[in-house]
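Reviewing the structure listed below.
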Amino acid sequence: MAANISQLTNSQLIAGISPRGTRELVPVNQIIRIHTDAKHVVMETKATTYTLPQRIYQLKQLLPSDLFLQLSSGELVNRQHIRHFSLTPSGLYQVLLSTGATTFVSRRCMQQIRKEFLK
């Protein structure tokens, strides 16, 4: 069963525009996070950063929900790259990613994160 899930996940590709301006297909399991940056949707991998033509809500429907977690209306994160959550003094959850980057969970998504991820 795990092999079948891995094969399906590895077979799904997302098309992104590389910094050189070329269109490249990226396997879903290589994506660390997808977020908005200056009104552009950006997909980050270990190797590079791509620009995407889709919106976050469209990508949420395309990507496997068991692999990606929505942290806010402008960010999706690969669950495999989340190192840990920590509660800030203001009551928000701070998320540390495998790349060393940190991000925050919006108040709107906190209940869903608690229910699904922080059991």
Side-chain angles (χ1 to χ4, degrees):
M1 178 93 162
N4 290 340
I5 292 171
S6 176
Q7 186 178 19
L8 286 172
T9 303
N10 292 336
S11 66
Q12 189 175 1
L13 302 170
I14 299 290
I17 301 168
S18 72
R20 297 174 294 182
T22 60
R23 187 177 170 123
E24 296 181 19
L25 295 175
V26 178
V28 169
N29 64 343
Q30 291 182 6
I31 300 170
I32 296 172
R33 72 181 186 154
I34 298 172
H35 61 96
T36 56
D37 184 21
K39 296 190 180 184
H40 295 284
V41 178
V42 178
M43 173 175 64
E44 292 181 11
T45 65
K46 286 184 182 179
T48 190
T49 302
Y50 301 89
T51 304
L52 298 174
Q54 300 98 336
R55 298 287 177 221
I56 296 287
Y57 71 90
Q58 295 169 326
L59 291 164
K60 183 181 179 196
Q61 294 172 351
L62 289 174
L63 296 169
S65 60
D66 62 331
L67 187 61
F68 284 88
L69 188 64
Q70 185 166 12
L71 299 183
S72 66
S73 61
E75 187 164 19
L76 298 170
V77 175
N78 188 330
R79 292 175 189 247
Q80 297 172 344
H81 291 280
I82 295 174
R83 290 296 164 243
H84 70 82
F85 287 90
S86 59
L87 192 61
T88 64
S90 64
L92 293 175
Y93 283 108
Q94 183 177 14
V95 183
L96 177 65
L97 302 175
S98 63
T99 60
T102 59
T103 187
F104 294 90
V105 177
S106 71
R107 292 191 189 276
R108 181 176 288 175
C109 295
M110 283 177 68
Q111 184 176 6
Q112 181 182 359
I113 299 292
R114 278 190 211 120
K115 188 179 355 174
E116 290 182 24
F117 205 84
L118 299 172
K119 296 176 183 176

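- Under the side-chain hydrogen bond (donor to acceptor under 3.5 Å, both in side chains) criterion, Ser86 pairs with no residue at all, not counting sequence neighbours.
- Looking at residues two or more places apart in sequence or on another chain, you find a side chain to side chain contact (heavy atoms under 4.5 Å, CB included) between Thr88 and Ser90, Leu92, Gln94, Phe104.
- Panel note: side chain Gln12, backbone Leu62; a donor-acceptor pair is recorded below 3.5 Å.
- A continuous path of ILVMFWY side-chain contacts below 4.5 Å connects Leu59 to Val26, so both sit in one hydrophobic cluster.
- In terms of hydrophobic clustering, with Ile, Leu, Val, Met, Phe, Trp and Tyr side chains grouped at heavy-atom distances under 4.5 Å, Leu52 and Ile56 are assigned to a common cluster.
- Between His84 and the options Val95, Leu97, Leu96, a side-chain contact (heavy atoms from CB on, under 4.5 Å) holds for only Leu96.
- Between Arg79 and Phe68, the closest heavy-atom pair is NE-O, 3.8 Å.
- Contact between Gly91 and Met110 at its shortest, heavy atoms only, is O-CE, 3.1 Å.
- Side-chain contact between Thr103 and Arg33 is present, with heavy atoms from C-beta onward closer than 4.5 Å.
- The shortest heavy-atom contact between Val28 and Asn78 is O-ND2, 4.2 Å.
- Between Ile17 and Tyr50, the closest side-chain pair of non-hydrogen atoms is not below 4.5 Å.
- Side-chain contact between Phe85 and Ile113: present, with at least one pair of heavy atoms (C-beta onward) separated by less than 4.5 Å.
- Under a 3.5 Å cut-off, the side chain of Glu75 and the backbone N or O of Ser72 do not form any donor-acceptor pair.
- Inter-residue side-chain proximity for Leu71 and His35 is flagged as unmet; no heavy-atom pair is nearer than 4.5 Å.
- Heavy-atom minimum distance, Asn29 versus His81: O-NE2, 4.4 Å.
- In terms of heavy atoms, Ala15 sits closest to Arg23 at CB-NH2, 3.5 Å.
- Using a 4.5 Å heavy-atom threshold, the side chains of Leu63 and Ile34 count as touching.
- Considering every non-hydrogen atom in both Ser98 and Arg83, the closest pair reads CB-NH2, 3.0 Å.
- Under the 4.5 Å side-chain criterion, counting only non-hydrogen atoms from C-beta, Leu76 is in contact with Lys60.
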